[in-house]
Every structure is written in structure tokens, then in C-alpha cells.
Protein chains: 2
Amino acid sequence: MRLTRDRVLAVALDVLDDAGLDRLTMRRLSAALGVETGATYWHFRSKQELLEHMADALLADVAIGLPDDRPWDELVPTLARRLRRALLSRRDGARLFSGRFFPLPNALAYGEALAGQLARAGLDPRSAAWAGDTLTYYVVAHVTEEQLTTALPDGGEAARARLDAGLDPQWHPHLVAARSDLAAADPDEHFEHGLALVLAGIRETARQQPTRRAAR
Amino acid sequence: MRLTRDRVLAVALDVLDDAGLDRLTMRRLSAALGVETGATYWHFRSKQELLEHMADALLADVAIGLPDDRPWDELVPTLARRLRRALLSRRDGARLFSGRFFPLPNALAYGEALAGQLARAGLDPRSAAWAGDTLTYYVVAHVTEEQLTTALPDGGEAARARLDAGLDPQWHPHLVAARSDLAAADPDEHFEHGLALVLAGIRETARQQPTRRAAR
DNA sequence: ACCTGAACACCGTTCAAGT
DNA sequence: ACCTGAACACCGTTCAAGT
């Protein structure tokens with residue numbers, strides 16, 4: 001079957017899913033596509049470019065079909081949860097996303113939707129963009145850690161044991177007190193806790209905006 | 001000169017600084033140390049283990065000498081700013097840190113200090129640990145992006161041009177409105193904005209805690 | 001236009017053998 | 001105990017040559 005950009009992308013995401021980001025190589029991908037290694041480079045100039053488009057492909061549905069009759073403080077968490085789901089949809093999805101700058105269509109649509117909702121909250125353009133960044137940073141970093149521990153072969157058991165070995169009740173009383181809530185405790189709960197925290201911060205920031213407008 | 005763990009670590013951080021994380025290889029490091037490639041493996045079992053200790057070395061000073069006569073809402077931002085400075089101290093410091101789980105001494109000391117201050121804010125152990133995670137996620141993800149654009153050869157000029165090329169006033173009105181504040185605008189201001197937002201969220205979370213205590 | 005085949009310049013890791 | 005030298009099994013990328 002002849003190669004297309006879309007097919008390379010689709011197979012690359014499958015390879016990511018069952019090999020992981022570190023073992024996703026141009027050679028392995030080409031083998032999965034049934035072509036020689038060089039062939040892939042006709043469709044993507046570099047591995048970097050391929051990874052960016054893979055990351056953007058993950059975001060395909062995050063910003064579409066967002067209801068427009070709901071308040072901003074419902075839609076902002078919705079966007080955050082959708083981003084988390086998108087990153088969780090493939091192995092190492094968050095690591096694929098982070099440390100990469102790709103102003104591609106789906107990423108821009110997500111950023112725009114988020115900034116739009118934050119503008120409805122009464123934030124000026126700069127605050128809206130920056131508050132959006134803060135929220136996105138939170139989601140990406142959370143899922144990065146989530147996939148680091150949860151998606152491990154042993155479900156994070158070794159990581160938890162390593163943490164316990166490092167903790168000393170004498171020196172780390174507060175961490176020991178929270179021991180069961182550390183390193184791969186219930187990820188949904190953990191996520192929602194931080195999301196609520198960031199949202200509370202956004203609400204507070206909106207309250208302090210001088211040019212506050214009513215939600216439309 | 002004979003190798004020691006500490007010398008390997010120190011030289012590794014120097015190689016990181018002038019080669020970057022992607023070009024920090026065991027072979028290049030060994031060359032900088034003046035030994036054969038295999039020698040380094042006698043001191044660190046794997047590159048992974050070396051990277052973890054490098055990351056922890058970055059955090060050497062973040063948690064020490066913290067004044068204990070200041071309110072929590074001054075010390076928490078202080079810890080966040082110190083973490084940012086530590087990550088900024090070496091090229092790709094944030095990327096070195098992120099996507100890695102290392103319960104090593106300095107990382108634990110940082111986590112403990114943060115959880116301790118958040119407990120003073122009136123948060124229960126779990127909330128303290130999780131709010132600390134949220135703040136740390138923010139700092140690491142922010143600096144990751146900061147080092148991605150700022151530390152570029154052209155100071156992020158190409159990145160900004162690429163963003164402009166992707167932005168369409170029709171589809172991205174809110175992003176266009178914030179254009180000058182996107183992608184490597186003043187990183188200090190950007191950081192403080194998000195930090196204030198997260199701190200406001202923490203304050204709000206503390207207010208809602210049922211078992212709220214006065215700061216000691 | 002699209003792909004093969006082969007090469008170039010690298011990687012992380014292991015390990016017998018030396019000192 | 002600590003390091004060398006060499007090997008193993010890989011990498012990303014390029015490019016003349018084919019179709």
C-alpha cells in the first residue's frame with residue numbers, strides 16, 4: 001500500500017502506543033509501515049516534525065463541539081479534562097506533548113477556545129492567554145507524572161517502594177503523613193484537586209481585574 | 001585524575017550546559033572526563049541513574065536556609081522562585097527534571113519544605129501534598145517552555161514567526177489579541193502571573209478546609 | 001513523485017581483560 | 001577497585017539510483 005502523510009501519522013501513533021516514546025524510532029516506524037527507513041523521510045522532513053504532528057493529532061477533538069450556552073467556569077474545566085483525556089489516549093501522550101512548541105491547527109484551536117472562555121470570565125487578553133498557559137501547564141505536567149507511574153509495567157509499585165525507601169519520618173514528617181496520597185494515588189482525584197485549585201485561582205484573578213465584565 | 005561520582009556529576013552538568021540534553025551522551029561525557037566510555041558505568045549504573053542524580057544536584061540549595069519567621073504565603077512563592085532559579089541554572093534544566101521520578105535527598109527536602117508550609121496554611125496532609133504537586137507542576141512546565149523559546153539560538157524569534165504564521169485573526173481572535181504576550185514574552189512577568197494565580201487558588205483551598213488552623 | 005539500498009556518523013550498554 | 005578496549009545492537013539522516 002502506498003504511503004500517505006496520514007497513514008504514516010496513524011501508524012506512528014500505533015507504534016507509540018505499543019512501544020512507547022523512547023522506542024518509537026524512524027526505523028521501527030518504517031518497518032511497521034512496510035517500507036525502507038528512508039521512505040518515511042519523503043513524507044516528514046524529520047522525526048521532530050513527525051512528533052509535532054503526532055502531538056497535534058492527539059488534540060483532534062479537544063476544542064470541537066464545545067457547548068456555547070454554558071458558563072465559562074464549566075467550560076474551562078471541560079477543556080482541561082478533554083486535554084487530559086487526549087493525552088491519556090496514547091502511551092506517553094503527555095511526554096510527546098511537553099517540551100515541544102507546535103503552533104499546529106488543533107493546538108491553536110485548543111488555545112483559542114481556552115482563551116475565549118477566560119475572556120468571558122472577564123480577563124483581559126493577556127491575562128486570559130497567561131491563565132490558559134498556567135492551566136495547560138498543570139494538565140500536561142500532571143498527566144506526564146500520571147503516565148510515568150500509572151502506566152508502568154507494575155502499576156507504579158516499584159516507584160512507590162522507592163519513595164518509601166527515601167522517606168524518613170524524622171526529616172519528612174509532612175510527606176510521610178501524606179504517604180498514601182503520593183506517587184500514583186487515585187489519579188482522577190489528584191487531577192480534579194489540582195484543577196479545582198487552578199480554577200479557584202482563575203476566579204480570584206478575574207475578581208481582581210479592573211475591567212471586569214459580566215459573562216455574556 | 002581519578003574518577004569519583006561527584007566529579008562525574010559535576011562534569012555531566014557542565015556538558016549539559018554547553019551541549020544541551022539531547023547531545024549529552026555517555027560517550028561525550030566520558031570524553032570530557034578523559035576516560036573511555038565504559039568507565040562512567042562503574043560510577044553510575046545507567047544514563048537514567050546519572051540523569052536523576054543530575055536533576056537532584058540542581059536542587060541542592062532550594063530548600064535550605066528558609067527563614068522560619070515568615071508567613072507561609074511568602075515562603076511558598078519563595079520556594080517556587082527558588083525552584084525556577086535552580087531549573088534555569090543549567091541549559092535544559094527543566095526538561096532534565098520533568099518526566100522523571102527521583103525520590104532523592106534534595107527533591108524530597110524540597111517537597112517536604114513545600115508540604116510543611118502548606119500545612120501551616122491550614123491544609124490537611126493530603127491537600128498540602130497535592131497543592132504542592134500542583135505548584136511544582138506549574139513551575140517545571142513553565143520553565144520547560146521558557147527554556148524552549150528563550151534559550152534558543154535566535155532567542156525565540158523563529159518560534160514567534162512560526163506562531164504568527166499559524167495564527168488567523170478570523171479563527172484565533174483571542175490569541176491574536178494576546179499575540180505580543182505569547183511565546184517568550186517577558187518570562188519573569190509570565191512566571192509571576194501564573195504563580196500568583198496558583199497561590200490564590202491555594203489560599204482559596206485553605207479557606208475551604210474544614211479543619212483550618214491559624215498559622216503558627 | 002515516491003521509494004530503495006546503502007552509507008555516514010553516531011548512540012547506550014556490556015564485559016573480558018588488564019592494573 | 002577501577003578502568004580499557006572492543007564488541008553488540010541499535011540510532012537519525014542523507015542521497016544517488018531506481019521506478
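We name chains A, B, ... by the order of the sequence lines, and we start the count at 1 in each one.
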Tell me: CZ of B:Arg45 to P of C:dC15, nearest whole Å? 14 Å

For C:dG18, the nucleotide meeting Watson-Crick or G-U wobble distances (both under 3.5 Å) is D:dC2

Can you identify which nucleotide, out of C:dT4, C:dG12, D:dT14, has its nearest atom closest to the A:Val35 side chain? C:dT4

Within this structure, what is the NZ-to-P distance between A:Lys47 and D:dG12, rounded to whole angstrom? 4 Å

Inspect the contact between B:Asp164 and B:Arg179 and indicate whether a charged nitrogen and a carboxylate oxygen are less than 4.0 angstrom apart. yes

Here the distance between atom C1' of D:dA6 and atom CD of B:Glu36, to the nearest Å, is 10 Å

Using whole Å, report how far CD of A:Glu49 lies from P of D:dG12. 15 Å

Position toward the 5' end of DNA chain D (nearest nucleotide), A:Thr25 or B:Trp42: B:Trp42

Would you say a side-chain N or O of B:Arg2 is under 4.0 Å from OP1 or OP2 of D:dC2? yes

When you check the phosphate oxygens OP1 and OP2 of C:dC3, does a side-chain N or O of A:His43 lie under 4.0 Å from one of them? yes

Could you measure between the two P atoms, the one in D:dA9 and the one in C:dA9, and give it in whole Å? 23 Å

Go nucleotide by nucleotide along DNA chain C from the 5' end; which of A:Arg27 and A:Thr40 gets its closest nucleotide reached first? A:Thr40

Would you mind classifying the nucleic acid contact of A:Ser46 as base, sugar-phosphate or nothing, using non-hydrogen atoms under 4.0 angstrom? sugar-phosphate

Students often mix this up, so state it plainly: with edges at 30° and 60°, are the rings of A:His190 and B:Tyr137 parallel, tilted or perpendicular? tilted

In this structure, how many angstroms lie between the P atom of C:dC11 and the CG atom of A:Asp22, rounded? 17 Å

To the nearest Å, how far apart are B:Leu50 CG and C:dC11 P? 15 Å

SB check B:Asp188 B:Arg84 (cutoff 4.0 Å): yes

Could you work out which one of C:dG12, D:dT4, D:dG12 sits closest to the side chain of A:Met26? D:dG12

Given atom CG of A:Leu3 and atom C1' of C:dC3, what is their separation to the nearest angstrom? 8 Å

Rounded to the Å, how far apart are B:Phe44 CZ and D:dC2 P? 13 Å

Does a salt bridge link A:Arg90 with A:Asp17, judged by any charged N lying under 4.0 Å from a carboxylate O? yes

For D:dT13, give its Watson-Crick or G-U wobble partner with both distances under 3.5 Å, or none. C:dA7

Are A:Asp22 and A:Arg95 close enough for a salt bridge, meaning some N to O gap below 4.0 Å? yes

